[in-house]
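Inspection log for the structure reproduced underneath, given as structure tokens.
As the structure lists them, so they are numbered: ligands from 1, and atoms in each ligand from 1. Scope of the values below: all heavy atoms of this structure, side chains included, with no hydrogens, waters or symmetry mates.
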Amino acid sequence: MPSSTYDAIVIGTGQAGPFVANRLAKSGMKVAIVERGHFGGTCVNTGCIPTKTMVASAYAAHLARRAADFGVGIGGSVTVDMARVKARKDEISGQSRSGVEAGLRKTENCTVYQGHARFESARVVTVGSDRLTAERIFINVGGRALVPDMPGLADVPFLTNSSMMGVDFIPEHLVIVGGSYIGLEFGQMFRRFGSRVTIVEMADRLIRREDEDVSAAVLDILQGEGIDVRLNAKCISLSRQGTNIVAGVDCTDGSPEVTGTHLLLAVGRRPNTDDLGLEHAGVKVNQQGYIEVDDELRTSVPGIWALGDCNGRGAFTHTSFNDAEIVVANLLENDTRRVSDRIPVYGLFVDPPLGRVGMTDAEVRATGRPALVGKRAMKDVKRAVEKGETQGFIKVVVDAGTNQILGAAILGTGGDEVVHSILDVMYAKSPYTLIKRAVHIHPTVSELVPTTLWSLKPL
Ligand SMILES: Cc1cc2nc3c(=O)[nH]c(=O)nc-3n(C[C@H](O)[C@H](O)[C@H](O)COP(=O)(O)OP(=O)(O)OC[C@H]3O[C@@H](n4cnc5c(N)ncnc54)[C@H](O)[C@@H]3O)c2cc1C
């Protein structure tokens, strides 16, 4: 077995690995980076980039169907060419993938290995017939779709976020099991492409990690577009009926079965830590397989770090990239950065999108601290009215004692961007009164954030 010694080995080329490899190599270390699949990982190939590219196509179709509302004639019916939607998605995703690979290959001091990496010991990793040794190892192996042990699943064909990337046709009736972030994004986009869509969710509401008003407003938006949503589906089972798939949903109301032509499973993610040989290195994982790390992303074994989705401390591209920044700052820049410095922030890219930062109302209530909330409907936001996109609301929660912003949800046009003005004030640890006095551009959605803070009420 050919054996090579490096200063550092990076496993995985997701959102953290390439940055770490690049920075270590630039500092003069001899680095190896290993990728078993597509360069760029989930975000680039089967996650954020392709899905948001497809969301953009779906938005174009939606707007075209609404053209008459704006006084615009299309002169015929609106059709969606799914092969072209996919080709556009493949091109945009492909550019990022080749950019990541090219960037790594041209990095001086960095050797790229293609294959599945496994720990042989705390300092040795094998990749096919290669044996790599290093004093520092960085794990950025990400995750994949969770395929639960659901009755009947073995007997039916199903799609996941990865295989959805190959879909170049419009399913007649797409049944989606899972009413959370990934399921909702795919659900709305395929409805807009022309599929009949049913979303089946076990809980009594969609995106149950969000506040009830957010779940209710998103449900309203999706149902308004003709998406069937089946909540309280406690015992989901699957079977075949000819070429169709039948989902037994056992709902408290409505038909006990949904029959569709295609099935998408969107019930969560699991970390790619099960075939990594972590036991040979002594790296501890929790019950769900996530690698245990401290606040600086060190695992239980000195000299081994875990970054990105596989450490369970974040599930987003920006959290994975921030993990890389934290590790690089601590190792190379004498700048102590920690995961706990990070304020939770993310988007749900249905249309209109949800921008979320900090705590939910429920989380704030659980702390028992006195809090105030400001809320404004998007129909009272002039820019939203002008754009004809008035669904949703702006909501900001502040600490009644310290005046610090505790959390916000902006569901509405531009919500995924506007939320950053709140995020930055939270990072500055400034009081909400700073935004209240700020003058924002008219007419924008951001303009109404200060106004929302004028009339705070007890939460
Ligand atoms: C459908 C979908 C939509 C999403 N949309 C968003 C979004 O809009 N915004 C957002 O912030 N996040 C989004 N995410 C989440 C985001 O994609 C991930 O959080 C992000 O990719 C971070 O992943 P990572 O760096 O941990 O690893 P990944 O990107 O998963 O990369 C891990 C890499 O490691 C490789 N690997 C794994 N095991 C081995 C091994 N043993 N040897 C060698 N290589 C290995 C894999 O092949 C992969 O390339 C989405 C996810 C999905 C599924």
Numbered in order shown, the ligand 1 atoms found under 4.0 Å of a heavy atom of Leu276 are 41 (N)
Exercise. Run the salt-bridge test on Glu389 and Arg383 with the 4.0 Å N-O cut-off and return the result as yes or no.
Key: no
**OP:** Check for a donor-acceptor pair, side chain of Asn22 on one end and backbone N or O of Phe19 on the other, with a separation under 3.5 Å.
**Re:** no
Check your understanding: Hey, do the aromatic rings of His262 and Phe169 have their centres closer than 6.0 Å?
Key -> yes
Is the shortest side-chain heavy-atom distance between Val125 and Arg118 below 4.5 Å? no
Test side chain to side chain contact (heavy atoms under 4.5 Å, CB included), reference Phe158, set Val147, Leu264, Leu238, Ile245, output is Val147
Query raised in the report: If we only count heavy atoms from C-beta on, is the Ser4 to Tyr6 side-chain gap below 4.5 Å?
Result: yes
Evaluate the side-chain hydrogen bond (donor to acceptor under 3.5 Å, both in side chains) criterion for residues Gln15 and Ser320: first the C-alpha distance (whole Å), next the side-chain angles of each, then the deciding distance (0.1 Å), finally the verdict.
CA-CA 6 Å; Gln15 293 300 311; Ser320 178; over 6 Å; no
For atom 20 (C) of ligand 1, the closest protein heavy atom turns out to be Thr317 OG1, 3.5 Å
Lys52 heavy atoms within 4.0 Å reach ligand 1 at atoms 5 (N), 6 (C), 7 (C), 8 (O)
Contacts of Ser98 meeting side chain to side chain contact (heavy atoms under 4.5 Å, CB included) (sequence neighbours excluded), chain-then-number -> none
Atom 18 (C) of ligand 1 sits nearest the protein heavy atom Asp309 OD2, 3.3 Å
heavy-atom search around atom 47 (O) of ligand 1 in the protein gives Glu35 OE2, 2.5 Å
Ligand 1 to Thr46, heavy atom cutoff 4.0 Å, flagged ligand atoms 1 (C)
Filtering Gly40, Gly143, Ser320 for the heavy atom nearest atom 25 (O) of ligand 1 leaves Ser320
Is the closest heavy atom of Gly115 to ligand 1 under 4.0 Å? yes
among protein heavy atoms, the one nearest atom 45 (C) of ligand 1 is Arg36 CG, 3.5 Å
Exercise. Do the rings of Tyr346 and Tyr181 sit parallel, tilted or perpendicular, given the 30° and 60° boundaries?
Worked result: perpendicular
Ligand 1 atoms nearer than 4.0 angstrom to some heavy atom of Gly142 are 26 (O), 27 (O), 28 (P), 30 (O), 32 (C)
Nearest non-hydrogen protein atom to atom 40 (C) of ligand 1, with distance, is Ala117 N, 3.7 Å
How about Glu108: does its CD atom have over 12 heavy atoms from other parts shown lying under 6.0 Å from it? no
Here the atoms of ligand 1 under 4.0 Å from any heavy atom belonging to His318 are 11 (O)
inquiry  = I'd like to check whether Gln15 has a polar contact with ligand 1, where a contact means an N/O of the residue lying under 3.5 Å from an N/O of the ligand.
reply    = yes
Closest to atom 21 (O) of ligand 1 among protein heavy atoms sits Cys43 N, 3.1 Å
If you compare Gly183, Pro50, Gly47, Gly12 by their heavy atoms, the one closest to atom 51 (C) of ligand 1 turns out to be Gly47
Numbered in order shown, the ligand 1 atoms found under 4.0 Å of a heavy atom of Ala315 are 15 (C), 19 (O)
To atom 13 (C) of ligand 1, the nearest of Gly277, Gly14, Cys48 on a heavy-atom basis is Cys48
Logged contact type for Thr42 with ligand 1, heavy-atom cut-off 4.0 Å, is both
Applying side chain to side chain contact (heavy atoms under 4.5 Å, CB included) to Thr51 and not counting sequence neighbours gives Met165, Glu185, Phe186, Met189
Residue, atom and distance of the protein heavy atom nearest atom 53 (C) of ligand 1 read Asn161 ND2, 3.2 Å
Close side-chain approach of Glu172 and Arg196, heavy atoms under 4.5 Å: no
The closest protein heavy-atom partner of atom 37 (C) of ligand 1 is Val141 O, 3.2 Å
Note: Arg269, heavy atoms under 4.0 Å from ligand 1, region reported as side chain
Taking only non-hydrogen atoms of Phe349 and a 4.0 Å limit, the atoms of ligand 1 in range are 8 (O)
Atoms of ligand 1 under 4.0 Å from any heavy atom of Gly37, numbered from 1 in the order shown, are 47 (O)
*asked:* Tell me whether the rings of His318 and Phe316 are parallel (<30°), tilted (30 to 60°) or perpendicular (>60°).
replied: parallel
Can a non-hydrogen atom of Met164 be found less than 4.0 Å from any atom of ligand 1? no
Quiz prompt | Ion pair Arg144/Asp274, N-O distance below 4.0 Å | solution = yes
